[in-house]
Trainee: 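A single structure is presented below for examination.
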Amino acid sequence: MLGGLDSPFYRWCGAISRLIYLNMLWLLFTIMGLVVAGFVPATVALFAVTRKWIMGDEDIPVFSTFWSVYKKEFLKSNLLGLTLFIAGYILYVDLVFLPTTSMFFIVVRYALIAICSVYIVILLYIFPIYVHFNGNIKSYIKNAVMYGLSYPLVTFAMVLGIFILYMGFTYVPSLIPFLSVSILAYFIMWLALKVFARIEEKVNGKDEVKSNEREPSFSK
């Protein structure tokens, strides 16, 4: 009735089981790092695993992959997390304590709101970029801004999807410890890879055009 092992039912059950397992690993390794030091490297490892799944490598050893990324990226990812935390804290303090007694401060407040919007874009893209590209913290943040603002519809889809997931988990809070983080990471990574693929196509297209433009000069 349910079909064989290749039926949609079993594939969905397998996918959900993997997401639950990944969510449990994220919780475990976050706690292992005493939360403060474990949150960011565990999240990086989480996105690294989901990236491999989405790109078709579904048979990877999940635990060893997660642990390997967690160890390798522990210091670098925590430095990134500290940078984002400090920036976010400064923005929060400025918004909360900035007076609105004059037009100048009102303009500054709107400017801060715009900066906060960019900060949210960075948070959406920073982990997919971290696990997909090699680089430093500065390049990760710069690319997060560039990719997020270059594809506003995809970025909006991320925000909308996060809101829908949030509403769903508020109705079924018992699922939060089992699926909330992993399914969110999978969703964001899936959309981010769409953006990366589009950018790669554009870059490759430009390279082909430049190559074709140079061919006549070589033939002379």
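We count residues from 1, following the sequence as given.
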Trainee: Rounded to the nearest 0.5 Å, what separates atom OG1 in T65 from atom CZ in F63?
Mentor: 10.5 Å
Trainee: Test of understanding: clusters of I, L, V, M, F, W, Y form through side-chain heavy atoms closer than 4.5 Å, transitively. Do F156 and M146 belong to the same one?
Mentor: no
Trainee: Please test V154 against R198 for side-chain contact (heavy atoms from CB on, under 4.5 Å), starting from the C-alpha separation and ending with a verdict.
Mentor: CA-CA 11 Å; V154 178; R198 291 179 188 179; 3.8 Å; yes
Trainee: Any chain of hydrophobic side-chain contacts (each under 4.5 Å) joining L80 to F85?
Mentor: no
Trainee: Find out if a path of hydrophobic residues (ILVMFWY) with successive side-chain heavy-atom gaps under 4.5 Å connects L34 to I31.
Mentor: no
Trainee: Would you say T50's side chain and F47's backbone share a donor-acceptor pair under 3.5 angstrom?
Mentor: yes
Trainee: Taking T30 for the side chain and V35 for the main chain, is one N or O donor matched with an acceptor at less than 3.5 Å?
Mentor: no
Trainee: I'd like to know if V93 and V108 are part of one continuous hydrophobic network [Ile/Leu/Val/Met/Phe/Trp/Tyr, side-chain heavy atoms within less than 4.5 Å].
Mentor: no
Trainee: Of the non-hydrogen atoms in A45 and V69, which two are nearest, and what is the gap between them?
Mentor: CA-CG1, 3.7 Å
Trainee: For M158 versus I188, what's the shortest heavy-atom pair and its separation?
Mentor: CE-O, 3.7 Å
Trainee: What residues, two or more places apart in sequence or in another chain, satisfy ring pair (Phe, Tyr, Trp, His ring centres under 6.0 Å) together with F74?
Mentor: Y70
Trainee: With sequence neighbours left out, what residues match Y125 under ring pair (Phe, Tyr, Trp, His ring centres under 6.0 Å)?
Mentor: none
Trainee: Just jot down the side-chain hydrogen bond (donor to acceptor under 3.5 Å, both in side chains) partners of N136, sequence neighbours excluded, or say none.
Mentor: S139
Trainee: Within the 4.5 Å heavy-atom criterion, are V145 and V121 side-chain neighbours or not?
Mentor: no
Trainee: For residues D94 and R109, determine if any side-chain heavy atom of one lies less than 4.5 Å from a side-chain heavy atom of the other.
Mentor: no
Trainee: Closer than 3.5 angstrom, by distance alone: can the side chain of N204 be matched with the main-chain N or O of E200 as a donor-acceptor pair?
Mentor: yes
Trainee: Quick check: do D59 and W53 have side-chain heavy atoms less than 4.5 Å from each other?
Mentor: no
Trainee: Is NZ or CZ of K76 both nearer than 6.0 Å to the six-membered ring centre of Y130 and within 45° of the ring axis?
Mentor: yes
Trainee: Got a donor-acceptor contact below 3.5 angstrom from the Y140 side chain to the I129 backbone?
Mentor: no
Trainee: Should F178 and N23 count as side-chain neighbours, where that means a heavy-atom distance under 4.5 Å?
Mentor: no
Trainee: What heavy-atom pair brings G148 and T155 nearest, and what distance separates the two atoms?
Mentor: O-OG1, 2.7 Å
Trainee: For F39, give me all partners under ring pair (Phe, Tyr, Trp, His ring centres under 6.0 Å), at least two apart in sequence or on another chain.
Mentor: W26
Trainee: Check whether any side-chain heavy atom of I162 sits under 4.5 Å from a side-chain heavy atom of L124, and report yes or no.
Mentor: yes
Trainee: State which residues pass side-chain hydrogen bond (donor to acceptor under 3.5 Å, both in side chains) with R51; sequence neighbours excluded, sorted by chain then number.
Mentor: H132
Trainee: Heavy-atom distance under 4.5 Å between the side chains of P173 and I176, does that happen here?
Mentor: yes
Trainee: Do the non-hydrogen side-chain atoms of L84 and Y119 ever get within less than 4.5 Å of each other?
Mentor: yes
Trainee: So does P61 get a backbone contact from the side chain of S64, meaning a donor-acceptor N/O pair under 3.5 Å?
Mentor: yes
Trainee: Could you report the tightest heavy-atom contact between I141 and I126, atom names first, then the distance?
Mentor: N-CD1, 3.8 Å
Trainee: Shortest non-hydrogen contact from S182 to L46?
Mentor: CA-CD1, 4.0 Å
Trainee: Return the set of residues passing ring pair (Phe, Tyr, Trp, His ring centres under 6.0 Å) with Y151 (not counting sequence neighbours), or none when no residue passes.
Mentor: none
Trainee: Would you say S77 and L79 make side-chain contact, with heavy atoms under 4.5 Å?
Mentor: no
Trainee: Linking I/L/V/M/F/W/Y whenever any side-chain heavy atoms sit under 4.5 Å apart, do I90 and I120 land together?
Mentor: no
